[in-house]
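The next block holds one structure in the form of structure tokens; read it before the comments.
Values below: all heavy atoms of this structure, side chains included; hydrogens, waters and symmetry mates excluded. Read the numbers this way: they start at 1 and go in the same order the structure lists the ligands and their atoms.
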Amino acid sequence: MLDLDAEVLHEYFREVIGWAGSLVPEQPRIVDLGAGTGTGTIALARHLPGARLTAVDVDVEMLGRLHHRAVESGLGDRVRTVQADLDGDWPEIGPADLVWASASMHHLADPARTLTQVYATLRPGGAFMITELDGFPRFLTDTDGAALEERCHAELARMRQEGGLHMGEDWGARLKAAGFELEGERRFDIVVRPPMPENAVRYAQITLERTRDRLADRLTADELAALDTYVATLPNRDDLTISATRDVWIGRRPA
Ligand SMILES: C[S@@+](CC[C@H](N)C(=O)[O-])C[C@H]1O[C@@H](n2cnc3c(N)ncnc32)[C@H](O)[C@@H]1O
């Protein structure tokens, strides 16, 4: 799903990678926090041929995939992986010109502590780019499934809140409180309409299946059956759209 995110929402992704590139010197050292399968790491390495990147994640399997992909793309000598739980003691990963955290800050237990650690990881004048999302993308906005999708999103948001995820944080205020200068802040409202990019249906299927699994004991039997029907009929529909939001903040450690 992480890979599909970057692939299907590619216009937004290209723009945000370009923005990141504009923040750094010519041969930057970049740390990708909670790098996952490496969508950010690999895109940044391609966009910035002089960059050296350190991808950090707690999940060994994701890092294995990222490493394989870096080697396959001829980027193996510029990308290293570090396995670490960022809620614990941080490994030696600085000094960095850019720390990039895409959809990972909300997973970490203590935002203030994390921001202090990022500050210490950056060289003076370095930038921290945070991207966050408000949930899964939506696909059924213009269909008869809009109300059900809305209900699923409300329920998923409740679950995240109960699980203590830091979604919906005001990262701009948090950056300033941690001593960063707030250099940029932008919301991307992403809407993809037909003709849909390749893999859009697969993206919708995986997202709705995952929604169904997560909400299996929170939706009624009728609602679950309706979700199953949407998943099964997705390939035949011509009324799908993809909508998602991404919020980006840039904090600068004062020089
Ligand atoms: C939603 S994924 C985002 C992945 C990637 N940044 C992207 O945009 O595609 C969140 C990532 O954060 C990682 N993560 C969550 N908690 C973590 C922790 N305590 N320490 C390190 N990584 C963590 C997960 O393993 C996962 O790869």
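- For the pair Arg174 and Glu132, the salt-bridge criterion is not met [side-chain N within less than 4.0 Å of a carboxylate O].
- Around atom 16 (N) of ligand 1, the closest heavy atom drawn from His107, Arg246, His106 belongs to His107.
- When all heavy atoms are compared, the tightest approach of Leu2 to Gly36 is CD1-CA, 4.3 Å.
- Close N/O approach between Asp59 and ligand 1 is not found [any backbone or side-chain N/O within under 3.5 Å].
- Backbone and side-chain nitrogen or oxygen atoms of Gly34 are examined, and one is located within less than 3.5 angstrom of a nitrogen or oxygen of ligand 1.
- For the residue pair Thr241 and Arg193, no side-chain donor N or O sits within less than 3.5 Å of a side-chain acceptor on the partner.
- For atom 1 (C) of ligand 1, the closest heavy atom belonging to the protein is Ala103 O, 3.3 Å.
- With respect to Arg237 and Asp142, no salt bridge is recorded, no charged nitrogen being found less than 4.0 Å from a carboxylate O.
- When only interatomic distances are considered, the shortest N/O to N/O separation between Leu33 and ligand 1 does not fall below 3.5 Å.
- Close approach to Gly36 involves these atoms of ligand 1, each under 4.0 Å from a residue heavy atom: 4 (C), 27 (O).
- The contact set between ligand 1 and Leu2, taken as ligand atoms under 4.0 Å from a residue heavy atom, comprises 1 (C), 2 (S), 3 (C), 4 (C), 9 (O).
- Counting only heavy atoms of the protein, atom 18 (C) of ligand 1 lies nearest to Leu108 CD2, 3.5 Å.
- Looking at every heavy atom in both residues, Pro254 comes nearest to Gly179 through CD-O, 3.5 Å.
- Checking only distances, Asp85 does come within under 3.5 Å of ligand 1, N or O to N or O.
- There is no side-chain donor-acceptor pair under 3.5 Å between Thr143 and Asp239.
- A salt bridge is defined here as a Lys NZ or Arg NE, NH1 or NH2 lying under 4.0 Å from an Asp or Glu carboxylate O, and Arg246 with Glu15 fails to meet this definition.
- Shown in contact with Asp87 at under 4.0 Å from a heavy atom are these atoms of ligand 1, numbered in order with element: 19 (N).
- Of all non-hydrogen atoms in His153 and Phe136, the two that sit nearest each other are CE1-O, 2.9 Å.
- Under 4.0 Å from ligand 1, not a single heavy atom of Ala6 appears.
- At a heavy-atom cutoff of 4.0 Å, ligand 1 is contacted by no atom of Asp5, backbone or side chain.
- Under a 4.0 angstrom heavy-atom cut-off, Gly40 registers as lying outside contact with ligand 1.
- In terms of protein heavy atoms, atom 26 (C) of ligand 1 is closest to Asp57 OD2, 3.5 Å.
- Pairing each heavy atom of Val231 with each of Glu209, the nearest pair is CG1-OE2, 3.5 Å.
- Using a 30° and 60° split on the angle between ring planes, Trp100 and Phe13 fall in the perpendicular class, above 60°.
- Listed by number with element, the atoms of ligand 1 under 4.0 Å from a non-hydrogen atom of Ala84 are 20 (N), 21 (C).
- Residue, atom and distance of the protein heavy atom nearest to atom 3 (C) of ligand 1 are Ser102 O, 3.4 Å.
- Of the protein's non-hydrogen atoms, Leu86 N, 2.9 Å is the one closest to atom 20 (N) of ligand 1.
- Counting only distance, with no hydrogens or angles, the side chain of Asp97 and the backbone of Arg29 share a donor-acceptor pair below 3.5 Å.
- Residue-level proximity to ligand 1 for Thr39 is carried by the side chain, the only part with a heavy atom below 4.0 angstrom.
- Checking only distances, Ser104 never comes within under 3.5 Å of ligand 1, N or O to N or O.
- Looking at Glu155 and Arg158, a side-chain N of the basic residue comes within less than 4.0 Å of a carboxylate O on the acidic one, giving a salt bridge.
- Residue contacts with ligand 1 for Ala101 are absent, since no atom lies close enough (heavy atoms, distance under 4.0 Å).
- At a 3.5 angstrom cut-off on N or O pairs, Val58 counts as close to ligand 1.
- Listed by number with element, the atoms of ligand 1 under 4.0 Å from a non-hydrogen atom of Met62 are 27 (O).
- Side-chain contact check for Asp5 and Tyr12: no donor-acceptor pair (N or O, by modelled atom type) lies under 3.5 Å.
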